[in-house]
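Report on the structure given below.
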Amino acid sequence: MILQPVSASFFELPTQELAQALLGMVLVKTTRDGTASGWIVETESYIGPEDRAAHSYGNRRTPRTEVMFGPAGHAYTYEMHTHCLLNVVSGRVNQPEVVLIRAIEPYTGIHLMRERRGPGKTDRELTNGPGKLTKALGITKADYGHPLFEEPLYIASGKHIDSIAIGPRIGIDNSGDAKHYPWRYWEHQNPFVSKPVTNVTEIRYM
DNA sequence: CGCAGGATCCGCT
DNA sequence: GCGGATCCTGCGA
C-alpha cells in the first residue's frame with residue numbers, strides 16, 4: 001500500500017473547503033512501534049478571530065495558539081482534560097484558522113491502535129472521537145507544530161467521498177451564536193463518525 | 001499562585 | 001442522558 005505525504009500546497013485552500021477536502025484523505029503516524037493510519041471521516045472548522053468557539057477568538061495570541069498564526073499545513077495539538085486533540089492549521093499567515101480532525105476510519109496498523117486504546121473495543125470505538133483517534137495513532141502534544149506533509153505524521157491521498165453531510169459543531173454549547181454555525185463535515189452515512197445521528201443542515205453530493 | 005473553564009471520555013442509570 | 005475524572009491553559013491578584 002502506498003501512503004505518500006501530500007504537498008504543502010494542498011493546505012492552501014479556504015478553510016471551509018479544506019475541511020471538506022480532508023474527508024477521505026489518510027492520516028498517518030509512525031512511531032518506533034510501527035505505522036498506523038486511518039481515513040478522515042469527520043472534521044470541523046474553527047475560524048478565528050470571529051468564531052467564539054475558536055481558541056483564536058478575538059485574535060487571542062498565546063503560546064498555545066501561536067502555531068495557528070503561522071502557515072497552513074502544520075499540526076495544532078492541544079490538551080483537553082486528559083486527551084490530546086489534533087487540528088490542521090489552515091488559512092494564510094496571521095489568519096488563525098484550523099480544521100479539527102474529529103474521527104477517522106481505521107485503515108492500517110489496527111493492532112497498534114488496539115494496543116493503545118485497550119482491550120474490548122470494536123474497530124469503530126478505536127477512533128470515533130477526537131481524543132480517541134490521537135491515542136490510537138500515538139499523536140501527542142509533542143507533535144505540536146509538525147508539518148503535516150512530512151514524516152512521521154502526515155496526510156496522504158485516500159479515497160473519493162460520494163456525499164458530505166454538514167451540520168453544527170459538537171461540544172461548544174457555551175459559544176453563543178457560534179454553536180449554530182454549520183461547520184462540521186462528515187462522510188455521509190459513514191459509521192465511524194463520532195455522532196452518526198445528529199442534525200444535518202445539508203447533504204452535498206460530490 | 002490560585003482558580004475557573006473546557007473543541008472529551010467513560011461508566012452507570 | 002448524566003455526572004465525575006482529571007489536568008492544562010489563561011488570566012487576574
Side-chain angles (χ1 to χ4, degrees), chain A residues 15-16 18-20 22-23 27 38 40-70 72 74-91 95-106 113-146 148 153 165-187 191-199 201:
Chain A
T15 299
Q16 305 296 358
L18 180 64
Q20 296 171 73
L22 282 167
L23 296 177
L27 177 64
I40 296 170
V41 297
E42 179 182 354
T43 61
E44 284 178 359
S45 298
Y46 288 84
I47 312 289
E50 291 83 16
D51 179 3
R52 195 172 147 188
H55 296 153
S56 52
Y57 177 59
N59 271 322
R60 184 165 62 169
R61 193 162 184 159
T62 67
R64 182 177 67 154
T65 64
E66 184 61 31
V67 73
M68 299 170 71
F69 291 82
H74 294 250
Y76 168 44
T77 52
Y78 79 98
E79 300 261 351
M80 158 63 159
H81 294 267
T82 55
H83 308 283
C84 178
L85 275 60
L86 171 67
N87 295 256
V88 178
V89 172
S90 141
Q95 293 177 339
E97 307 178 0
V98 300
V99 176
L100 170 68
I101 309 297
R102 279 197 58 88
I104 65 173
E105 176 179 344
M113 302 190 204
R114 188 154 274 119
E115 283 173 21
R116 291 164 175 153
R117 289 278 293 131
K121 301 224 170 22
T122 64
D123 283 4
R124 171 171 190 274
E125 290 168 327
L126 294 175
T127 56
N128 66 336
K132 299 177 189 177
L133 73 91
T134 54
K135 187 171 183 187
L137 292 186
I139 296 168
T140 70
K141 200 173 67 170
D143 291 306
Y144 181 93
H146 178 80
L148 293 167
L153 171 62
I166 306 175
R169 294 172 292 180
I170 305 285
I172 54 164
D173 290 344
N174 197 15
S175 301
D177 289 341
K179 71 179 281 190
H180 303 297
Y181 300 168
W183 289 354
R184 173 181 178 232
Y185 306 90
W186 66 100
E187 182 181 8
F192 291 86
V193 303
S194 64
K195 303 205 172 183
V197 182
T198 43
N199 290 336
T201 304

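Everything quoted here is computed from the prediction, not taken from an experiment. Here is how names work: the chains are called A, B, and so on, in the same order as the sequence lines, proteins then strands, and each is numbered from 1. Below, each value reflects all heavy atoms present in this structure, side chains not excepted, and no hydrogens, waters or symmetry copies.
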Nucleotide pairing, DNA chain B (Watson-Crick or G-U, distances under 3.5 Å), in dot-bracket with [ ] and |:
||||||.|||||.

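- For A:E66, the side-chain contact (heavy atoms from CB on, under 4.5 Å) partners two or more places apart in sequence, or in a different chain, are A:R61, A:Y144.
- Here the side chains of A:T201 and A:P168 are in contact, with some heavy-atom distance below 4.5 Å.
- Between A:D123 and A:R117, no side-chain nitrogen of the basic residue sits less than 4.0 Å from a carboxylate oxygen of the acidic one, so the salt-bridge criterion is not met.
- Exactly one residue among A:L22, A:L153, A:V88 makes a side-chain contact (heavy atoms from CB on, under 4.5 Å) with A:L27. That residue is A:L153.
- Inter-residue side-chain proximity for A:T43 and A:W186 is flagged as unmet; no heavy-atom pair is nearer than 4.5 Å.
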For nucleotides 11-13 of chain B, tabulate all protein N/O to nucleotide N/O atom pairs closer than 3.5 Å, reporting atom names and distance.
none

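- Sorted by first then second residue, the side-chain hydrogen bond (donor to acceptor under 3.5 Å, both in side chains) pairs that include residues 132-142 of chain A, not counting sequence neighbours, are A:N128-A:K132.
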Reading nucleotides 2-13 of chain C from the 5' end, what letters show protein touch, with B for base, S for backbone sugar-phosphate only, - for no heavy atom under 4.0 Å?
---BBBSSSS--

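- A salt bridge links A:R102 with A:E44: at least one charged nitrogen is closer than 4.0 Å to a carboxylate oxygen.
- No side-chain heavy atom of A:E97 sits under 4.5 Å from any side-chain heavy atom of A:Y46.
- In this structure, A:R116 atom CZ and B:dC9 atom P are separated by 17 Å, rounded to whole Å.
- Proximity of the aromatic rings of A:Y78 and A:H55 is defined here by a centroid distance below 6.0 angstrom, and this criterion is met.
- Within residues 171-184 of chain A, no residue places a heavy atom under 4.0 Å from DNA chain C.
- Taking 4.5 Å as the limit, every side-chain heavy atom of A:I40 sits out of range of all side-chain heavy atoms of A:E42.
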